[in-house]
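What follows is a short report on a single structure.
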Number of protein chains: 6
Amino acid sequence: MRPSGRTPGQIRPVTITRQFTTHAEGSVLIEFGDTKVICTASVEVGVPRFLKGQGKGWITAEYGMLPRSTHTRMRREAANGKQSGRTLEISRLIARALRAAVDLKALGENTISVDCDVIQADGGTRTASITGACVALVDALNYMRAKDIIKTNPLKHMIAAVSVGIYKGEAVSDLDYPEDSAADTDMNVVMTDTGKLIEIQGTAEEAPFSFDEMHNMLALAKDSINELFDIQKLALN
Amino acid sequence: MRPSGRTPGQIRPVTITRQFTTHAEGSVLIEFGDTKVICTASVEVGVPRFLKGQGKGWITAEYGMLPRSTHTRMRREAANGKQSGRTLEISRLIARALRAAVDLKALGENTISVDCDVIQADGGTRTASITGACVALVDALNYMRAKDIIKTNPLKHMIAAVSVGIYKGEAVSDLDYPEDSAADTDMNVVMTDTGKLIEIQGTAEEAPFSFDEMHNMLALAKDSINELFDIQKLALN
Amino acid sequence: MRPSGRTPGQIRPVTITRQFTTHAEGSVLIEFGDTKVICTASVEVGVPRFLKGQGKGWITAEYGMLPRSTHTRMRREAANGKQSGRTLEISRLIARALRAAVDLKALGENTISVDCDVIQADGGTRTASITGACVALVDALNYMRAKDIIKTNPLKHMIAAVSVGIYKGEAVSDLDYPEDSAADTDMNVVMTDTGKLIEIQGTAEEAPFSFDEMHNMLALAKDSINELFDIQKLALN
Amino acid sequence: MRPSGRTPGQIRPVTITRQFTTHAEGSVLIEFGDTKVICTASVEVGVPRFLKGQGKGWITAEYGMLPRSTHTRMRREAANGKQSGRTLEISRLIARALRAAVDLKALGENTISVDCDVIQADGGTRTASITGACVALVDALNYMRAKDIIKTNPLKHMIAAVSVGIYKGEAVSDLDYPEDSAADTDMNVVMTDTGKLIEIQGTAEEAPFSFDEMHNMLALAKDSINELFDIQKLALN
Amino acid sequence: MRPSGRTPGQIRPVTITRQFTTHAEGSVLIEFGDTKVICTASVEVGVPRFLKGQGKGWITAEYGMLPRSTHTRMRREAANGKQSGRTLEISRLIARALRAAVDLKALGENTISVDCDVIQADGGTRTASITGACVALVDALNYMRAKDIIKTNPLKHMIAAVSVGIYKGEAVSDLDYPEDSAADTDMNVVMTDTGKLIEIQGTAEEAPFSFDEMHNMLALAKDSINELFDIQKLALN
Amino acid sequence: MRPSGRTPGQIRPVTITRQFTTHAEGSVLIEFGDTKVICTASVEVGVPRFLKGQGKGWITAEYGMLPRSTHTRMRREAANGKQSGRTLEISRLIARALRAAVDLKALGENTISVDCDVIQADGGTRTASITGACVALVDALNYMRAKDIIKTNPLKHMIAAVSVGIYKGEAVSDLDYPEDSAADTDMNVVMTDTGKLIEIQGTAEEAPFSFDEMHNMLALAKDSINELFDIQKLALN
């Protein structure tokens with residue numbers, strides 16, 4: 001039923017390449033099938049003004065797509081002079097999810113800036129970004145430990161994310177672009193490796209969805225995210 | 001337990017004033033307790049360029065807050081030269097929800113522009129906006145029918161929205177500002193009056209939430225939204 | 001002669017509602033007939049950089065219109081990414097007029113930010129803004145006295161404003177939109193309750209105006225503004 | 001009494017140099033003492049969208065100051081990414097005044113774009129701009145006549161402008177910078193050579209002004225503007 | 001003498017990977033040592049407005065750097081709301097150089113948009129961009145031939161580029177970041193494979209350079225660029 | 001052969017007027033035939049943030065064109081909300097060239113801001129700007145010496161610039177607009193009066209250029225720039 005021939009709960013092959021670029025404290029290339037995102041985590045001393053003097057750190061995130069990461073070329077946001085609502089929304093989602101994974105007090109007055117840049121898009125770029133960014137974040141935190149910038153590990157739990165949806169009336173996991181553009185409903189789920197939810201965003205694209213459909217999607221998401229935790233852990237060892 | 005003395009499932013008094021201003025085809029003041037939003041629906045001939053010639057209409061939405069609708073004055077976005085990510089995210093949510101309520105084919109090549117301007121904020125402005133905008137939209141569609149701009153009623157179902165959350169460990173409905181700023185989790189739910197979901201956005205603010213907590217929040221949301229449908233219908237008669 | 005049936009010197013019914021919203025130190029809804037403006041005055045500690053250390057306060061003002069406050073929807077300035085020349089010009093006028101009413105030394109190093117947001121427009125929005133903003137300013141100054149932020153009352157005199165013009169060859173006061181859009185000349189006058197002028201801006205829209213016509217307009221303005229001072233005082237008691 | 005030793009009604013030496021630059025259809029350098037402004041009038045085929053098909057022309061104006069035209073360097077507006085409220089306000093004033101001098105129907109569907117760029121500022125730049133721009137406009141209209149772009153002369157009357165004010169309690173004409181920065185009141189007056197008013201903008205800078213003071217300022221303005229008409233005519237012959 | 005141990009005329013290892021991403025008609029990853037740039041060439045029907053109806057095509061280029069492609073994180077230009085002067089200058093250089101390689105008439109009314117995005121920077125990003133972009137351009141032109149969009153090959157000659165400079169008093173080729181930041185002079189040279197110059201930009205960073213030094217740099221550039229043509233040709237076979 | 005009748009190496013009449021405007025510490029009008037540029041140098045205490053505390057000064061430059069300095073009116077960059085890539089590129093070139101002429105240490109923690117505003121354009125505006133700006137810079141440095149802001153003269157050497165090109169197959173110096181718009185190649189050269197190169201930027205506009213052509217252009221540039229040094233020195237005595 002799925003264009004890719006996958007079973008409803010089957011995610012695409014996922015690979016995580018650490019140290020993908022050399023300058024960032026954490027640098028990961030994450031691939032969900034043909035979706036490829038570079039996630040870097042940059043450690044910076046100091047915090048934004050609204051946090052100064054509170055002894056807490058901060059995590060920000062910015063998301064972007066290369067102009068020709070997509071089927072047809074998109075205008076470059078830097079040339080447009082502004083980021084789209086979609087870009088800002090995804091940036092906010094990534095940052096919020098990562099902050100929920102970290103004890104900001106343990107981070108001290110330091111900032112970790114995460115950049116997720118999509119070099120090739122085939123659906124699920126925001127959930128791939130979160131999943132990859134968490135690994136880059138771990139590397140950045142390890143760097144801070146190694147450099148004695150922080151005393152303890154601020155990571156409370158790993159996080160990972162997947163998109164699920166209703167495609168041709170059935171719940172499926174990890175939608176690729178052909179599925180995503182035809183789906184009735186699209187839901188992004190972010191979870192912790194302790195089995196709890198960080199974020200859930202479900203949207204009726206074509207038709208409202210029932211409570212039952214929501215439960216089916218969530219069940220798939222939970223299983224897929226558990227697979228992602230295994231892949232993250234493998235990459236980190 | 002709640003600062004307002006409400007029971008967990010109790011929403012604030014909601015009032016809907018139609019024809020609040022005179023120029024818009026639909027103009028509604030909606031109040032959820034101390035949260036007050038002006039929602040207007042403006043009928044415009046034509047559609048954005050990407051839709052031209054397809055015989056379909058379009059619905060857009062923009063959200064804004066008066067600078068002193070909040071406890072401390074916010075900078076005016078028009079003076080800043082850009083809308084915040086939060087503003088764009090809420091605008092996109094309102095538009096998406098309203099489009100899901102309407103048969104865009106039946107709308108013809110016309111656009112309805114919805115503006116939701118918060119004049120006083122006390123939590124839940126985005127869900128109040130959606131609930132009020134739906135009534136303004138109905139008035140605009142009735143205007144189009146009366147003027148013979150459209151032949152049939154494009155409305156597929158009413159929509160309404162409420163925010164729910166986990167406050168002091170318990171699920172509560174229709175959070176006001178004191179609850180919202182202290183909640184562990186915040187979830188916005190948009191539903192149809194046919195009992196289906198249009199949008200669900202749950203966010204762990206302080207702590208991840210369990211599947212059980214999610215179900216408890218959703219159950220409250222369903223009941224509260226049903227109350228809102230009654231209030232909408234009363235206003236429309 | 002006038003579309004509304006008013007006599008040349010007759011202003012529209014004016015109502016002033018204080019404490020219109022709850023957060024601002026001064027919050028006024030002013031209505032000149034169908035023109036409705038929310039005026040808030042926000043007290044903020046500190047002054048802009050160019051004034052620091054001089055022991056003086058500052059008053060700023062920003063003016064805006066809701067997109068559908070007008071007959072046809074205007075584009076939202078925040079979405080456009082800039083304020084129009086008209087908006088900035090009116091904002092500057094309001095701020096200048098209010099500063100002329102206040103002893104900035106007596107204000108201490110504090111700033112009062114005034115926001116005038118038009119929710120419904122039917123001509124005369126800038127003069128309604130000034131007249132309403134002065135009442136909001138008084139409330140904000142009273143708040144500062146009550147909180148011991150200032151020792152003395154910095155208000156030097158009340159100010160109020162009206163638009164006058166030449167309509168069908170005759171001087172008339174308080175033009176509504178049908179008159180305003182057809183007037184030969186339009187003049188905005190701001191005065192003190194001590195009978196002096198703060199600002200006078202007369203513009204030939206269709207035809208140059210004579211010195212005699214100017215005097216006729218000014219005479220009407222003086223009478224109308226005196227009526228406005230009575231209405232302000234009534235509202236403040 | 002005046003820093004320059006001038007009598008209250010005495011304007012500075014005014015010179016008008018036509019064909020100051022070679023490309024523009026009208027190009028004038030106007031000097032009011034040390035205030036120097038380049039005014040060009042550019043003829044362009046076509047009109048802005050809102051006027052298309054109405055058989056009328058349009059006149060626009062833009063005002064700017066070279067960054068070091070002033071005592072201390074101002075930031076370049078092009079580098080700032082926006083024009084200040086003051087710049088936009090003056091641009092609007094110049095354009096409005098020039099449009100009031102021309103029969104737009106007789107201009108056909110053509111646009112004249114006027115640029116007033118201050119190369120040296122010593123007070124009164126906006127009124128110098130208007131006075132010089134009118135001469136550049138005449139040259140541009142003559143060019144259009146010579147090229148048979150228009151059939152009749154669209155000029156209804158010449159316009160000129162001067163600033164007057166209350167300086168040390170006395171009405172004076174054509175304020176230079178030392179007077180302008182110390183004046184109690186500042187008033188810009190634009191008149192036609194038929195003795196009528198186009199625009200009057202009086203502002204209380206330090207203290208409100210009386211009706212008597214206003215009349216004194218206007219009387220000086222009338223005389224000074226008549227002198228300016230003589231200088232314009234001399235330059236045009 | 002060189003930090004990398006290279007001889008003065010020795011360039012870094014250069015690799016060119018075609019079809020690096022899947023959507024673009026031409027997509028190349030070019031590596032000059034640790035400098036890595038993704039170059040895509042996107043074919044679009046139509047030309048910018050200023051070229052319409054002339055039967056000619058157009059080539060544009062945009063350059064960007066991922067925020068953490070550098071030693072310390074740079075602010076994202078899309079978030080800043082504008083591209084830096086450096087970015088625009090390099091974009092213009094790349095586009096100009098590519099246009100000089102193509103017969104725009106033979107391209108028909110089509111546009112090729114080239115994007116050069118630096119994912120890792122170690123000096124020489126602009127010359128690497130040009131060298132890689134030329135290969136992506138060839139792939140895009142081949143695509144157009146294969147799809148019968150064009151009848152003949154518009155490529156007039158291959159182009160390639162290298163940076164040369166005076167480092168510690170001696171001319172060296174292909175400066176890496178440690179050399180670039182310490183060089184007295186920096187010169188970017190773009191040539192055709194017919195031995196002619198397309199662009200030469202030499203800049204005294206620390207000290208003026210003599211005509212002799214210029215000739216030495218040019219001689220190195222010529223040899224290095226010839227090596228690059230071999231590498232391009234190898235990649236294209 | 002040249003439209004102006006000049007010999008290949010002949011530059012246009014060049015005049016330099018110092019103290020052209022009164023406020024700037026250095027103010028020069030430079031004319032290369034019909035190209036006219038106002039160059040001002042403004043002395044400001046302090047340096048940009050990235051230089052603070054290093055005991056060094058800074059020189060910045062901004063370039064602009066009046067909207068009707070050209071054959072057809074260009075849009076005003078301040079109204080557009082951004083400077084073009086060409087403007088930024090030229091601004092960067094001027095600043096870089098001037099910094100190469102000055103010992104920034106000897107300047108102390110002061111900034112000289114140079115503004116080059118083209119009031120009439122006929123080719124070669126950027127090289128005229130550099131040549132005129134150097135004279136304005138000398139005046140500003142002399143002002144600083146006279147005011148004891150600096151102890152020694154920071155000027156290392158004079159700089160001047162000319163554009164050369166290949167026009168109808170032959171190398172020519174100081175291209176005017178008709179030559180510039182038809183040239184095959186255009187090269188801007190900045191030199192010191194000690195006979196060294198500061199900047200060389202050669203661009204193939206229509207056809208690639210040979211090494212021989214480059215040498216011919218450079219030889220002309222050297223001679224022309226020597227003439228410019230004589231003219232600068234004459235102006236400074």
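Values reported hereafter were calculated over all heavy atoms of this structure, with side chains retained and with hydrogens, waters and symmetry mates removed. In what follows, chains are A, B, ... by sequence order, proteins preceding strands, each numbered from 1.
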Verify the neighbour count for atom CZ of E:Phe229: are there more than 12 heavy atoms of other residues, nucleotides or ligands below 6.0 Å?
yes

What closest approach, in Å, do E:Pro208 and F:His157 show between heavy atoms, and which atom pair accounts for it?
CG-CE1, 3.7 Å

Quick check for you: to the nearest 0.5 Å, what is the distance between F:His215 atom NE2 and E:Leu218 atom CG?
6.5 Å

Under a 4.5 Å cutoff for heavy-atom pairs, which residue among E:Thr192, E:Ile198, E:Thr185, E:Thr194 has the most contacts with chain F?
E:Ile198

By a 4.5 Å heavy-atom criterion (distance strictly below it), what part of E:Arg86 contacts chain F: side chain, backbone, both, or neither?
both

Minimal heavy-atom distance between F:Glu89 and E:Arg96, with the atoms involved, is OE2-NH1, 4.2 Å

Heaviest contributor of heavy-atom pairs below 4.5 Å to chain F, chosen from E:Gln201, E:Gln83, E:Met187, is E:Gln201

For atom NZ of E:Lys233, decide whether the heavy atoms of other residues, nucleotides or ligands shown that lie under 6.0 angstrom number more than 12.
yes

Tell me whether the count of non-hydrogen atoms from other residues, nucleotides or ligands lying under 6.0 Å of NZ in E:Lys156 goes above 12.
yes

Walk me through it: do E:Lys196 and F:Phe211 pass the test side-chain contact (heavy atoms from CB on, under 4.5 Å)?
CA-CA 7 Å; E:Lys196 292 200 159 185; F:Phe211 280 74; over 6 Å; no

Residues, nucleotides or ligands: over 12 heavy atoms within 6.0 Å of E:Lys105 NZ
no

